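Shown next, in structure tokens, is the structure this report addresses.
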Amino acid sequence: MSWRCPEFTHSDVENQHAELELLRRQAFDLNLQLADQSEELRQLRERDRNELALAQHVADLRALVESRENQLETVGQTADLLRGELEQTMNQHVSRVRWTVDSLAW
């Protein structure tokens with residue numbers, strides 16, 4: 001059995017060379033597309049990270065606002081209690097002064 005090398009014509013070689021060049025160009029174009037898509041994916045991931053960070057920041061701010069509102073409500077209730085005590089004390093003093101004035105007037 002003998003192995004024979006197929007015979008190639010000059011035209012066959014030129015066609016193969018043209019196909020190879022076409023494949024190289026396609027590979028180059030695909031690499032460019034891949035690079036563009038990789039960059040786009042990187043930007044999307046970065047945007048997602050930023051959105052998650054912003055969402056966490058908003059949640060933290062909401063919790064802070066709620067905490068401050070609760071503190072303000074407590075301060076308001078305390079102020080109301082103190083105002084009531086002050087008013088009661090003032091009324092007691094006014095009553096004592098009136099009683100003293102009335103007793104001195106007799």
Side-chain angles (χ1 to χ4, degrees):
M1 177 186 229
S2 77
W3 292 91
R4 291 185 51 182
C5 183
E7 293 186 20
F8 293 103
T9 65
H10 181 67
S11 174
D12 291 335
V13 172
E14 285 180 347
N15 288 339
Q16 290 292 320
H17 183 69
E19 282 184 46
L20 181 60
E21 188 59 31
L22 178 64
L23 289 173
R24 284 183 185 151
R25 287 182 184 155
Q26 288 174 346
F28 180 78
D29 290 343
L30 288 174
N31 279 331
L32 288 178
Q33 287 177 0
L34 179 60
D36 289 345
Q37 290 174 350
S38 295
E39 177 60 20
E40 184 179 344
L41 179 59
R42 186 196 64 76
Q43 290 174 356
L44 289 172
R45 286 181 176 159
E46 183 178 348
R47 192 174 308 138
D48 283 346
R49 281 191 302 273
N50 290 341
E51 287 177 3
L52 288 173
L54 283 174
Q56 182 61 49
H57 188 63
V58 167
D60 292 344
L61 289 175
R62 283 185 178 149
L64 179 62
V65 166
E66 184 177 333
S67 171
R68 295 287 167 87
E69 285 175 343
N70 290 339
Q71 289 174 351
L72 284 174
E73 185 177 332
T74 301
V75 167
Q77 291 171 351
T78 302
D80 289 343
L81 287 174
L82 291 173
R83 198 174 295 118
E85 288 177 11
L86 180 60
E87 187 176 327
Q88 183 179 6
T89 302
M90 286 175 45
N91 287 338
Q92 289 173 353
H93 286 296
V94 167
S95 294
R96 285 187 198 138
V97 167
R98 282 187 183 149
W99 184 82
T100 303
V101 168
D102 288 343
S103 64
L104 291 176
W106 286 94

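Not measured: the values here are computed from a predicted model.
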How is the hydrophobic cluster of [X] composed, in terms of its other members, when Ile, Leu, Val, Met, Phe, Trp and Tyr link through side-chain heavy atoms under 4.5 Å apart, directly or indirectly?
X      : answer
Leu22  : none
Leu32  : Phe28
Leu104 : none
Met90  : Leu86

Could you check whether any side-chain heavy atom of Leu41 comes within less than 4.5 Å of a side-chain heavy atom of Gln37, counting everything from C-beta outward?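 Answer no - side chains too far apart.
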Taking salt bridge (charged side-chain N to carboxylate O under 4.0 Å, His left out) as the cut-off, I'd like each qualifying pair that reaches into residues 69-96, sequence neighbours left out, listed once.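 Qualifying pairs, neighbours excluded: Asp80-Arg83.
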Asn70 and Ser67 side chains, donor-acceptor separation under 3.5 Å: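 No, no side-chain donor-acceptor pair sits under 3.5 Å.
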Measure the spacing between [atom1] of [X] and [atom2] of [Y] and express it to the nearest 0.5 Å.
X     : Y     : atom1 : atom2 : answer
Glu19 : Gln26 : CD    : CD    : 10.5 Å
Ser38 : Leu34 : OG    : CG    : 4.0 Å
Arg98 : His93 : CZ    : NE2   : 14.0 Å
Glu51 : Leu44 : CD    : CG    : 9.5 Å
Asn15 : Leu20 : CG    : CG    : 12.5 Å

For Arg25, give me all partners under salt bridge (Lys or Arg N to Asp or Glu O under 4.0 Å), at least two apart in sequence or on another chain.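 Counting only residues at least two positions away or on another chain, Arg25 forms a salt bridge (Lys or Arg N to Asp or Glu O under 4.0 Å) with Glu21.
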Crowded around Glu14 CD? As in, over 12 foreign heavy atoms under 6.0 Å?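 Above 12, so yes.
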Between Asp12 and Gln16, does a side-chain hydrogen bond (donor to acceptor under 3.5 Å, both in side chains) hold up when you go through it step by step? CA-CA 6 Å; Asp12 291 335; Gln16 290 292 320; over 6 Å; no
Applying salt bridge (Lys or Arg N to Asp or Glu O under 4.0 Å) to Glu46 and Arg49, what does each step give before you reach the verdict? CA-CA 5 Å; Glu46 183 178 348; Arg49 281 191 302 273; 5.1 Å; no
What's the verdict on side-chain contact (heavy atoms from CB on, under 4.5 Å) for Arg42 and Glu39, showing C-alpha distance, side-chain angles and the deciding distance? CA-CA 5 Å; Arg42 186 196 64 76; Glu39 177 60 20; 2.6 Å; yes
Any Lys/Arg nitrogen of Glu66 or Arg62 sitting under 4.0 Å from an Asp/Glu carboxylate oxygen of the other?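 So Glu66 does not pair with Arg62 through a salt bridge.
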